[in-house]
Amino acid sequence: MNGGYAGQILYVDLISGDTKTEPIDQELARQFIGGRGLGAKMLWDSLAPGTDPASPDSPLMFLTGPLAGVVPMGAQTCIVFKSPKTKITLGHPTTGPHWGPELKFAGYDGVIVSGKSDKPVYVYIEDGNVELRDAAHLWGKGILETWNTLRAELGPRVQSMCIGPAAENGVLYSSIHAEPFRSAARGGSGYLMGSKNLKAVAVRGTGAITIARQKEFRELFSLIYGRMSGGRRTSRHGYAFSRWGSYYSGMAWSDVSTLDVKNFREGYWEEMDKISVLQFEWRNKVKSRGCNGCPIACMQHGVIREGPYAGHVVNPDFDSTQCIGAGCLVTDLDGLLYLQQLGDDLGFDNISLGGVTGFAMECYEKGILTKNDLDGIELTWGYVPAMIELWKKILNRDGIGALLAQGVKEASEQVGQGSEKFAMHAKGLEYGAYTGQKRHARALQYAVGDRGGCHHYGQTWEEQNVRVWSDSLLMCTWARSYMNPPSLYVDLLNAVTGWNLDPGDFNTWAERMLVMARSYNIREGMNPLEDDVLPERVHSDAFTQGPEAGALYPREEFVKDRTDFYHRRGCDDNGVPTEQHLTELGLDFVIPAIHDATT
Amino acid sequence: MAEISCIDPVNQKSKNVEVLLMPQKGYIEVNYNICTGCRLCEIACSFAKESVVNPAASRIKVYQFWPGPIDVPALCRNCSDHPCVAACPPKANALSVNEETGTVKVDVEKCLGIKCSACARACPHEVAVSFHPLTTKAMICDLCQGDPECVKVCAPGCLTFMPGSAFDGKHYAVFPPRVIAASMASQFYPATGVVSHRKEDK
């Protein structure tokens with residue numbers, strides 16, 4: 001490898017404790033780049049069709065990409081696995097801030113963990129040395145304590161991916177954290193890691209990543225860096241993110257009726273000001289922090305200064321915090337920040353946790369769940385102490401918590417009584433903090449996204465392409481505002497690796513990676529027409545408040561938009577990629593499996 | 001003369017411009033309060049000095065502390081009495097002071113490397129001297145001859161190059177990063193304990 005890639009992938013088998021390295025396949029890397037793209041292909045090859053996603057065979061792949069650690073905003077790690085949450089799709093959450101680059105400096109493009117240990121262990125990677133170590137002393141500890149303990153034991157510059165008690169206890173929507181407040185959470189990543197009895201993967205690397213074409217790289221680096229650092233003062237995105245972080249979007253989306261309010265019942269909330277980012281900035285904010293190489297620095301850390309939750313360090317993001325905040329009508333900002341910090345430290349996927357809590361609150365309001373069902377918890381909208389009690393039950397899978405720990409899909413199937421209508425998920429994965437009655441593109445991406453109801457898939461065809469490139473190169477997807485035209489991604493990749501990909505092929509590469517993921521899901525049992533759907537609420541519960549009162553997404557319109565999406569992605573009317581399109585993209589090898597799955 | 005790259009405002013392409021750099025005294029001012037811990041300075045420093053990206057070989061290092069979070073950039077603070085130079089064993093005599101710029105110069109041929117570490121032990125900042133991960137020789141910031149790469153990529157403005165002056169005080173910023181972090185944490189966060197980091201950084 002000339003540059004960009006570290007050149008090898010580390011395999012860890014938790015059953016035997018063996019580790020081995022294999023060089024990364026150059027040809028494969030050219031086709032699928034890395035991270036999310038390469039992960040889908042590797043999962044297709046390595047995991048037998050129809051395997052239970054939580055079985056020991058199911059691999060957990062921590063993958064980086066060629067740009068991680070070397071360019072501004074190149075900070076991410078993508079974790080690819082078959083999702084235990086949806087059971088029929090990929091999971092590919094990404095996270096910063098420093099773990100992925102550190103892994104590359106240790107000399108690996110990825111770590112693939114398979115098998116299951118019989119006792120809690122953690123993996124320690126220090127350049128060429130890889131060890132499995134006993135994690136008994138870490139088991140049961142929260143994210144911050146685990147992270148700090150590993151740092152104290154292993155050294156000041158060690159980065160660790162770790163899970164919290166939620167994952168250990170088998171909550172299906174638990175997360176893997178790369179640092180307190182930074183998690184790769186969606187799709188049940190933590191559950192899979194916990195089921196392997198793997199508490200953490202700690203890394204320290206002191207090696208180098210080479211750059212193939214230095215002069216070209218230097219020029220592109222200063223161009224992109226200039227746009228980003230200038231953007232801190234001159235662009236709306238840069239200014240808002242460096243000052244407020246993504247949490248600012250709460251107010252912005254409420255104003256245009258796209259925010260998850262009251263379990264996705266409304267898009268606009270007149271009490272939004274009480275938990276708005278300006279309140280946060282005034283009352284709580286301490287400092288901004290950035291992921292590896294990020295000139296914007298959108299993590300806004302703060303501290304709760306007064307009240308019953310005083311003393312906790314917090315870092316609210318948009319989707320995770322507003323699913324808990326506006327989604328459950330919490331008007332107490334300090335309480336909300338505490339909830340966000342609590343869910344994070346326990347290792348929940350806060351987006352799903354907020355969705356589940358909102359669902360339970362609506363069930364309670366409608367009398368579907370009674371106080372008796374909830375073991376005496378008074379689960380009224382926005383009541384923070386009740387939410388804390390409920391979360392304790394979910395964490396310990398105690399009483400109603402055992403059901404809610406499965407997510408809204410399973411919970412609604414169990415409690416019935418029409419709750420399916422407002423169980424806000426797609427393919428079993430709870431929604432991000434956008435509701436789709438007004439913004440139809442938002443709703444469509446939840447329906448057709450390749451990991452279930454997630455905000456990360458992209459609303460337009462172009463955005464989807466850019467996002468899959470970002471997740472494969474492992475740059476932050478927010479870098480896309482500064483990467484215009486998108487072929488800059490290819491130029492940057494060429495400069496770093498010394499390849500000569502044609503920037504005009506940008507969309508072909510993106511298409512290949514996206515169709516690969518879609519094909520994988522179809523092989524694992526996704527039936528597009530049945531699974532690419534939205535809950536009834538989006539089609540029938542029109543907004544009653546705000547400037548867009550009356551808006552909804554009629555089913556016929558949704559079906560038409562979905563068919564348009566299928567055609568644009570080279571699929572037939574049933575959402576299955578056509579053989580011709582697969583052949584054009586060089587994905588001939590998936591045709592037999594797709595054929596078997598759909599006939 | 002040195003070449004620096006800048007962006008042409010008309011066509012948005014980067015171009016190289018030759019500039020004259022005067023050898024002069026100076027130092028890098030660090031505003032600890034606003035470091036975001038992005039470590040772009042480490043990337044830029046290692047790329048400028050080693051032509052590869054390798055934060056472990058960077059002359060500036062950002063230390064991160066929890067509880068916090070607090071990020072503390074650490075680099076040579078150009079003490080005017082140069083305790084590292086005084087500590088360098090006479091048989092090696094690898095460190096010398098560049099009188100024009102006031103920076104410490106490392107003669108990698110003579111340096112005994114990490115097994116000696118006398119300069120690092122003498123450093124009041126504890127981590128301003130670090131050791132190259134491959135050659136194990138000492139690395140000390142040389143201010144890039146008056147055009148520091150780390151300062152150019154510090155978007156929040158935590159690092160500022162102050163040309164034409166140097167601190168005359170004996171030991172500016174004599175505190176090691178963990179002490180700086182502890183004092184900041186007590187102001188910013190109610191947390192009291194800061195994890196000690198002083199395990200030999202490689």
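Lettering follows sequence order; numbering is per chain, from 1. Treat the numbers as computed from the prediction; the structure is a model and nothing was measured.
At distances below 3.5 Å, at least one donor-acceptor pair connects side-chain atoms of A/Arg151 with backbone N or O atoms of B/Gln64. For A/His98 (side chain) and B/Cys38 (main-chain N/O), no donor-acceptor pair under 3.5 Å exists by modelled atom type. Remark: side-chain polar atoms of B/Asn54 are not paired, donor with acceptor, to backbone N or O of A/Phe105 under 3.5 angstrom. A donor-acceptor contact shorter than 3.5 Å links the side chain of A/Tyr225 to the backbone of B/Val153.
Per-residue heavy-atom pair counts under 4.5 Å with chain A were compared for B/Gly37, B/Cys154, B/Ala57, B/Pro55, and the maximum is reached by B/Pro55. Note on A/Gly207, A/Gly226, A/Pro97: by heavy-atom pairs under 4.5 Å with chain B, the leading option is A/Gly207. Ranked by non-hydrogen atom pairs under 4.5 Å with chain B, the options A/Met228, A/Gln214, A/Lys215 are led by A/Gln214. Considering only heavy-atom pairs separated by less than 4.5 Å from chain B, the leading option among A/Gly302, A/Gly96, A/Ser229, A/Ala208 is A/Ala208. Contact tally against chain A (heavy-atom pairs below 4.5 Å) for B/Pro156, B/Ala44, B/Pro69: the top residue is B/Pro69. Note: B/Val53 leads B/Val53, B/Leu40, B/Leu134, B/Val52 in heavy-atom pairs under 4.5 Å with chain A.
Using a 4.5 Å heavy-atom cutoff, the side chains of B/Phe47 and A/Ile209 are not in contact.
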Under 3.5 Å donor-acceptor pairs involving side-chain atoms of residues 69-76 of chain A, not counting sequence neighbours:
none

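For chain B, the nearby part of A/Gln159 is the side chain; its heavy atoms alone come within less than 4.5 Å. Neither the backbone nor the side chain of B/Cys41 comes within less than 4.5 Å of any heavy atom of chain A. Of the two parts of A/Lys104, neither the backbone nor the side chain holds a non-hydrogen atom closer than 4.5 Å to a non-hydrogen atom of chain B. B/Glu42 touches chain A through its side chain: at least one heavy atom from C-beta onward sits under 4.5 Å away, while N, CA, C and O do not. Heavy atoms of B/Ser46 lying under 4.5 Å from chain A are absent altogether. The contact between A/Pro180 and chain B is made by backbone and side chain atoms together, counting heavy-atom distances below 4.5 Å. For A/Leu223, the parts lying near chain B are the backbone and the side chain together; criterion is any non-hydrogen pair under 4.5 Å.
The list of salt bridge (Lys or Arg N to Asp or Glu O under 4.0 Å) pairs with a residue in residues 235-245 of chain A, not counting sequence neighbours, reads A/Arg243-A/Glu281. Applying the salt bridge (Lys or Arg N to Asp or Glu O under 4.0 Å) definition to pairs two or more places apart or across chains, those involving residues 282-305 of chain A are A/Glu179-A/Arg289, A/Arg283-A/Glu306, A/Arg283-A/Asp334, A/Lys287-B/Asp71, A/Arg289-B/Asp71.
Across every non-hydrogen atom of A/Arg157 and B/Val62, the tightest pair is NH1-O, 3.0 Å. Closest approach of B/Ile43 and A/Gly293 over heavy atoms only: CD1-CA, 4.3 Å.
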- Apply side chain to side chain contact (heavy atoms under 4.5 Å, CB included) to B/Phe188 and A/His301, showing your working. CA-CA 10 Å; B/Phe188 284 177; A/His301 287 266; over 6 Å; no

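Within residues 486-495 of chain A, no residue has any heavy atom less than 4.5 Å from a heavy atom of chain B.
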